[in-house]
Protein chains: 2
Amino acid sequence: MTEVTETFESQLSRIHLALEDENPQEVSEALEDLEPAEVALLLESLPLSERIRLWEQVPAEDDGEVLLHVHDEVRSTLLEDMDPEEIVAATASLDTADLAELFEDLPKQVAEDMLRTMDEMQRTRLQETLSFEEDSAGRLMRTDAIGVRSDVTLETVQRFLRWKESIPDNTDNLMVVDRIGHFVGVLPLARLVSHDQETSVAELMDADVDVIQGDMKSRDVATLFQTHDLTSAPVVDNDGMLIGRIVIDDIVDVIQENSEQALMNMAGLDEEEDLFAPVLPSAKRRAVWLGINLLTAFLAAWVIGQFEDALEKVVALAVLMPIVASMGGIAGSQTLTLAIRGLALGQISKTNSNWLLRKEVGIALLNGVVWALVVAVLAVLWFKSVAIGVIIAAALVINMLAAGVCGIVIPLVLKRMNIDPALSGSVILTTVTDVIGFMSFLGLATIFLL
Amino acid sequence: MTEVTETFESQLSRIHLALEDENPQEVSEALEDLEPAEVALLLESLPLSERIRLWEQVPAEDDGEVLLHVHDEVRSTLLEDMDPEEIVAATASLDTADLAELFEDLPKQVAEDMLRTMDEMQRTRLQETLSFEEDSAGRLMRTDAIGVRSDVTLETVQRFLRWKESIPDNTDNLMVVDRIGHFVGVLPLARLVSHDQETSVAELMDADVDVIQGDMKSRDVATLFQTHDLTSAPVVDNDGMLIGRIVIDDIVDVIQENSEQALMNMAGLDEEEDLFAPVLPSAKRRAVWLGINLLTAFLAAWVIGQFEDALEKVVALAVLMPIVASMGGIAGSQTLTLAIRGLALGQISKTNSNWLLRKEVGIALLNGVVWALVVAVLAVLWFKSVAIGVIIAAALVINMLAAGVCGIVIPLVLKRMNIDPALSGSVILTTVTDVIGFMSFLGLATIFLL
């Protein structure tokens, strides 16, 4: 019985210090207390040279599980350090779904050798799994479901299970199949142990369960598990033949990945990004996002450039203009974030987007007017000009209204174009609020001040 | 057997249209296909009046489950529409953990009446659960664990289960306890059905499992489930007495909430925010965030105001200055996001933050120099002044370096102060990059151009 006392963070610090002190003895001892998923997190928390030093100390029997748990980029840094024999040994104990996940990251030669030396059944299973697209149910599923026939009694089932001796991890249901392997229902273990042994499987099985097609997207599978409170589900092919099962364990990983993806994409980063990726490739990848931003920044600068006259005559405009752009940006990002969450939960569609738009316009108008008054008063006090106060107030209301509308419209349009709104929504929105902010403020000033 | 074909989004649209057409018949039919969690999402996707209309059509027996699945703010809109009898009826079928989750949102009078009319055992259980803090394991746990003694045989256990007839949902393990209720181990159902019935529980049970204290934080419980691949875990009190069990189902909800929280907090929103909250209270809540931003925007404006001389003489400065601030903001938010994810995964601590800082400074320097050159060339071409090109290049490098350093330092400092870096990290960072951006660009211009 393990009482959970030391936090993961303090374990992490202990190992970091042991690595700095070059104390392999203590590192090894600390490693023993960690699960493969924790070793994975630990490896990710280290710069390359320390990571490799630690990786060489990880017990070989954990290598496969650890490789599964690290992000893609980190995985390739670890694989590069292994020779082919080590890789083959590390993957030997993995089940088909896990092996499939690693397979495409393996060095080509190793992958080919592995396929050649596998036994027939393993190879067929692996190739079947690989025939499904990445991020589909077929890739998520395990192929170790236990099938039983519906015309036998519970006693027969229990005898069969005792003969098998071990049951795959996370088995909560047995799968009931017909003679040729079509899925017909599930027999929960909880029913198996709580009913009379003479009962037949057919009487007790649950035929009314959600069945997943192998090509369903993992994201949709995760939503289904969450909304239907599932802990496992059978997977079938187009003919209704049972081909595997998906367990909630793996769904938790999908949910975690999706959440990381949303967070990272909003900053133009990839969710597989290695915290300690080497400087040069990291800088290269981020440069793309900075370049896109530079284009929008130059667009905003060009807009400002159209009003050089006004700026030359009234320097207060240059001082105040970032306020208009910034308030629009913040208001817009609030609406955008609400819309992104709603879209992720499947709650926003054509049919209710009008309601939502009306509400956000109302909020934008209200906050626009309130903050416009505040800013106007401060601007008048600062620059002793009522005209500037009126102009900045008008520009703020215009920009915050535009922000509210675009905060709803942009993610909806992106979604329809099959572009992830979390990825590009905020860049486009900022461009709009910058351009409209500068244009309305400097434009109104040109008309009424000069 | 239900093949999953229609997507939730299309079901949603169908009901939206039926509500608009005022076709209660079709609404009722569509509702029948939905799970309570889906009804919850549907209710959240509607403005208040349509929401109440739909809520009144939801079958009373689902009310309790639906209330559990909606976000807090939406829950109160639904509860307001129910009279006390309806609330009591809706909560009657909930287990203790679920009831505890709703309990504090109930009208005070209803809650008191409910406590009074409850039977003794229910009341004790509820009060015990409520004695744990929100977001702790004690609140997450279910109190329906099945306990068995270690000195009996599997046959006796199965006879006991058959006598009980039904086993609580999501039971994968039976809990083994001693005579007075101390937790001693678990007996997986999978072992129960696959071993000889004469075996004793003691021989077969697993004593080496993770045991959770009732006051452990839910976030830490979720991390434990993820890193140790758990599907359920026993919960004990300080004396080691078994008080409940936590199942992965509820952990999935914790993970989902945490991920929504990170996303919403970055825009200064609360994760419980109702998509269709009425305009006035929504506007009020968002106003706080806008007000904070206004302070930082005025700070930036004040910095610009210090350089009125330079701006009056060289209008190009006003045109180009947003580029410096914006590039710093983007570079900083990339580093900040990486740090926020690392902190959430528990991967960043004092012991490796220096390594990380060095790496991010390297990236900032590299990208700073590259983009400074690009911007300098464009600025020289635009304004025919080499001096302006040199000045903007220098300011960009300074600001991007500051962004890289602050992107690591700010979240670490916030974390140490127990403030969620996702909530205030980006406002603080933007303030820094705006101020340093304007100050370096306009300051260098004042020194070298005037």
Side-chain angles (χ1 to χ4, degrees), chain A residues 1-4 8-9 12-13 16 35 37-38 41 45 47 158 161-162 167 171 189-190 192-194 207 210-211 227-228 248 255 259 267 275 279 282-283 286-287 293 297 300-301 304-305 308 311-312 315 318-319 322-323 326 330 333-334 337 342 346-347 349 351-352 355 362-363 366-367, chain B residues 1-4 8-9 12-13 16 35 37-38 41 45 47 158 161-162 167 171 189-190 192-194 207 210-211 227-228 248 255 259 267 275 279 282-283 286-287 293 297 300-301 304-305 308 311-312 315 318-319 322-323 326 330 333-334 337 342 346-347 349 351-352 355 362-363 366-367:
Chain A
M1 168 156 75
T2 323
E3 287 219 14
V4 182
F8 174 61
E9 261 178 86
L12 202 75
S13 294
H16 287 161
E35 296 285 325
E38 293 171 317
L41 285 171
S45 78
Q158 286 216 25
L161 294 176
R162 280 201 286 275
I167 291 188
T171 297
L189 287 185
L192 176 59
V193 294
S194 60
D210 293 303
V211 175
T227 51
H228 291 208
I248 193 167
I255 297 172
S259 115
L275 187 62
V279 170
S282 294
R286 294 200 206 165
N293 176 67
I304 299 173
E308 282 195 7
L311 286 166
E312 242 164 30
V315 74
V319 175
I323 293 176
S326 157
I330 295 287
S333 83
Q334 291 189 320
T337 303
Q347 289 180 313
S349 61
T351 40
N352 64 349
W355 289 324
I363 295 175
L366 208 61
N367 266 326
Chain B
M1 165 156 79
T2 323
E3 285 219 13
V4 181
F8 174 62
E9 262 179 85
L12 202 76
S13 295
H16 287 162
E35 296 286 324
E38 291 170 319
L41 284 171
S45 77
Q158 286 216 26
L161 295 176
R162 282 200 287 272
I167 292 188
T171 297
L189 288 185
L192 176 59
V193 296
S194 59
D210 293 303
V211 175
T227 52
H228 291 206
I248 194 167
I255 297 172
S259 115
L275 187 63
V279 170
S282 293
R286 294 199 205 167
N293 177 66
I304 299 172
E308 282 194 7
L311 287 166
E312 241 165 31
V315 75
V319 175
I323 293 176
S326 157
I330 294 286
S333 83
Q334 292 189 319
T337 303
Q347 289 180 312
S349 62
T351 40
N352 63 349
W355 289 324
I363 295 176
L366 208 60
N367 266 325

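Computation of the quantities below employed the complete heavy-atom set of this structure, encompassing side-chain atoms and omitting hydrogens, waters and symmetry-equivalent molecules. Naming: A, B, ... by sequence-line order, numbering from 1 per chain.
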Heavy-atom pairs under 4.5 Å with chain B: which of [options] has the most?
options	result
A:A190, A:S333, A:G305	A:A190
A:S13, A:A318, A:S194	A:S194
A:A297, A:S282, A:A283	A:A283
A:R286, A:Q158, A:E308	A:R286

Give, as side chain, backbone, both or neither, the part of [X] having an atom under 4.5 angstrom from any heavy atom of chain A.
X	result
B:S326	both
B:L41	both
B:I255	side chain
B:V315	side chain

* Is there a donor-acceptor pair closer than 3.5 Å between any side-chain N or O of A:N352 and the backbone N or O of B:H16? -> no
* To do: Rounded to the nearest 0.5 Å, what's the gap from CG on A:N367 to CD on A:Q334? Could you check?
  => 8.0 Å
* Structure fact -> Sequence neighbours excluded, the answer for side chain to side chain donor-acceptor pair (under 3.5 Å) partners of B:E35 is none
Given the options [options], which has more heavy-atom pairs under 4.5 Å with chain A than any of the others?
options	result
B:A287, B:A300, B:A37, B:G342	B:A287
B:V319, B:L189, B:I167, B:T337	B:V319
B:L311, B:I248, B:L192	B:I248

* Where do B:A301 and A:I323 come nearest, in terms of heavy atoms and distance? -> CB-CD1, 3.8 Å
* Just wondering, do A:S45 and A:L12 contact through their side chains at under 4.5 Å, heavy atoms? -> yes
